[in-house]
Amino acid sequence: MRIRSMFACLLGLTLALGAAAQARSGPVPVAIAAAGDLRGVLEELKAGFEARRPDVQLQLSFGASGSLTAQILQGAPFDLFLAADEGYPEQVRKAGLAASQGPFPYAVGSLTLWVRKDLGLDPDKEGLKVLTSARVQKISIANPQVAPYGRAAEAALRHEGLYDAVKARLVFADNIAQAAQFCQTGSAEAGLLSATQANNPALRGQGLVWKVPAGAYPPLRQAGVILKRTACLEQAQAFQAYLLGPEGQGLLARHGFGKP
C-alpha cells in the first residue's frame, strides 16, 4: 500500500514538473519567410491565428521572394515560405527542401499604379501613360531580378510600349514593401506596387491608385511551401489551413488579393 502511494506521488510530481516545464517553454515558434506584399495583411493573419492557437507564435520575416529563396537554399532556419509567385517555392521543392506535400497556391496578386495627388495627373484617364509626364521624375518598382512584382512592373511597362521612355526614371527597391516606402517618403513621385501596399492608408492619403489591367503582365500566382527541415510541422500545417480557410482568404481578399 505504501509503495503504491509513493508511486502515485512520484507520478504526480513527474506530471507536474512536465507541465511546468512546458509552461516555461512558452508557445512554439514558427518562422515564416514572406514576400514583401504580405506585410500588413500577414500581421493581421498572425493576430487572428494566434488568438485561436495561443500555443503557437508566428515569427515573421519579409523580403523579396528571390532573396528569401536564396537564404532558404543556403540553410536559413525558416519553417514556412510564402512567396509572391509559384516559381520560387518550386525551386525550393526541386532542391529537396520542401515538406512532402510540396508547394501550395494561396492567393493571386495584382499590380497597382500609385501616383502622388499633388502632381495633377489622372491615372483613371491615362493609365500608365501618366508615368511619361515630366512631373514624374522617379518611379519606384521592386527589383525585377529578385521580386515578382518588379518583373510584373517591367512587363506592364513593356506591354504598353512605355519602358524605353521611362527606364531612366526607374528606382529599384529591394522588395515591394521598400518600393512603397520610397513613394511614402517622397523618394519617388509614382510607383508600381502591390494592391496591398498602394491601398495602405498612409499611401492612399497621399496619392491616387489605379489597378493595372491583368492582361498587361504575367499572373502573380502566389504560393507557399512548408520546409522539410521544420521541427514544428503540425503548427506550420495549422497556419497553412488557416491561411487557406474562410478567415484567411477573406482577409486576403479585403487587402486586394484574388483567390488562388
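You'll find the side chain of Val130 stays beyond 4.5 Å of the side chain of Leu128, heavy atoms only. Side-chain contact between Val225 and Val92: present, with at least one pair of heavy atoms (C-beta onward) separated by less than 4.5 Å. Taking the side chain as every heavy atom from C-beta outward, Val209 and Asn199 approach each other to under 4.5 Å. Taking the side chain as every heavy atom from C-beta outward, Arg135 and Leu121 approach each other to under 4.5 Å. Between Leu251 and Phe257 there is no side-chain heavy-atom pair separated by less than 4.5 Å. No side-chain heavy atom of Gln57 sits less than 4.5 Å from a side-chain heavy atom of Val28. At a threshold of 4.5 Å between non-hydrogen side-chain atoms, the residues Val212 and Thr112 do not count as touching. Contact of the Leu42 side chain with the Phe62 side chain is registered, since non-hydrogen atoms from C-beta on lie closer than 4.5 Å.
Between the side chain of Gln178 and the backbone N or O of Ala173, no donor-acceptor pair lies under 3.5 Å. Listed for the Gln249 side chain is a donor-acceptor partner under 3.5 Å among the backbone atoms of Leu243. For the pair Thr69 (side chain) and Ser65 (backbone), a donor-acceptor distance under 3.5 Å is present. Listed for the Gln206 side chain is a donor-acceptor partner under 3.5 Å among the backbone atoms of Ala202. The backbone N or O of Leu220 lies less than 3.5 Å from no partner atom in the side chain of Asp85, so there is not a single donor-acceptor pair. Of the possible donor and acceptor atoms, one in the side chain of Glu50 sits under 3.5 Å from a partner among the backbone N and O of Leu58. Of the possible polar contacts, one joining the Tyr217 side chain to the Leu111 backbone as a donor-acceptor pair under 3.5 Å is found. Proximity of a side-chain donor or acceptor of Asp164 to a complementary backbone N or O of Lys167 within less than 3.5 Å is not detected. Gln197 places no side-chain N or O within 3.5 Å of a backbone atom of Ala177 that could act as its donor or acceptor partner. Arg221 contributes no side-chain N or O that, together with a main-chain N or O of Pro260, makes up a donor-acceptor pair within less than 3.5 Å.
Taking the six-membered ring where the residue is Trp, Phe49 and Tyr242 present tilted rings, their angle falling between 30° and 60°.
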### side-chain hydrogen bond (donor to acceptor under 3.5 Å, both in side chains) between Gln222 and Asp37, intermediate numbers included
CA-CA 10 Å; Gln222 305 199 189; Asp37 69 321; 3.2 Å; yes

### Message
If you apply the rule side chain to side chain contact (heavy atoms under 4.5 Å, CB included), what do you find for Ile32 with Leu82, and how did you get there?
### Response
CA-CA 7 Å; Ile32 300 177; Leu82 298 175; 4.1 Å; yes

### Query
So Ile72 and Arg229, side chain to side chain contact (heavy atoms under 4.5 Å, CB included) or not? Walk me through it.
CA-CA 10 Å; Ile72 289 167; Arg229 66 171 62 95; 4.0 Å; yes

### Task
Would you please test Arg151 and Glu154 for salt bridge (Lys or Arg N to Asp or Glu O under 4.0 Å) and show each step?
CA-CA 5 Å; Arg151 290 199 296 273; Glu154 182 177 326; over 6 Å; no

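Between Leu113 and Pro123, the closest heavy-atom pair is CD2-CB, 3.9 Å. Residues Leu131 and Arg169 share a closest heavy-atom pair of O-NH1, 2.9 Å. Taking every heavy atom of both residues into account, Tyr163 and Leu170 meet most closely at CE1-CD1, 3.7 Å.
No chain of hydrophobic side-chain contacts below 4.5 Å, direct or via other Ile, Leu, Val, Met, Phe, Trp or Tyr residues, connects Ile141 to Leu208. Cluster annotation: Tyr149 and Phe81 are assigned to distinct hydrophobic clusters (Ile/Leu/Val/Met/Phe/Trp/Tyr, side-chain heavy-atom contacts under 4.5 Å, transitive). Put simply, Val171 and Leu157 are part of two different groups of oily side chains (I, L, V, M, F, W, Y) that touch within less than 4.5 Å, one to the next.
Annotation: the span from Thr230 atom OG1 to Gln237 atom CD amounts to 9.0 Å, rounded to 0.5 Å. Rounding to the nearest 0.5 angstrom, the gap separating the CG atom in Leu233 from the CG atom in Asp79 is 9.5 Å. Leu38 CG to Leu60 CG: the interatomic distance, rounded to the nearest 0.5 Å, is 9.5 Å. Here the CG atom belonging to Leu203 is positioned 11.5 Å from the OG1 atom belonging to Thr196, to the nearest 0.5 angstrom. A distance of 8.5 Å separates CD of Glu189 from NZ of Lys138, quoted to the nearest 0.5 Å. Of the inter-residue distances, the one linking Ser133 atom OG with Asp122 atom CG reads 12.0 Å to the nearest 0.5 angstrom.
By the salt bridge (charged side-chain N to carboxylate O under 4.0 Å, His left out) test, Asp174 pairs with no residue at all, sequence neighbours left out. For Glu126, the side-chain hydrogen bond (donor to acceptor under 3.5 Å, both in side chains) criterion is met by no residue, not counting sequence neighbours. Under the rule for a side-chain contact (heavy atoms from CB on, under 4.5 Å), the partners of Gln240 that lie at least two apart in sequence or sit in another chain are Gln101, Phe104, Ile226, Leu244. Looking at residues two or more places apart in sequence or on another chain, you find a side-chain contact (heavy atoms from CB on, under 4.5 Å) between Ser140 and Ala179, Phe182, Cys183, Ala188. Annotation: side-chain contact (heavy atoms from CB on, under 4.5 Å) contacts of Ser61 (sequence neighbours excluded): Phe78.
Applying the side chain to side chain donor-acceptor pair (under 3.5 Å) test to pairs two or more places apart or on separate chains, those with a residue in residues 250-260 are Glu44-His255.
Counted within 6.0 Å of NZ on Lys46, heavy atoms from surrounding residues, nucleotides or ligands total more than 12; the atom is thus considered enclosed.
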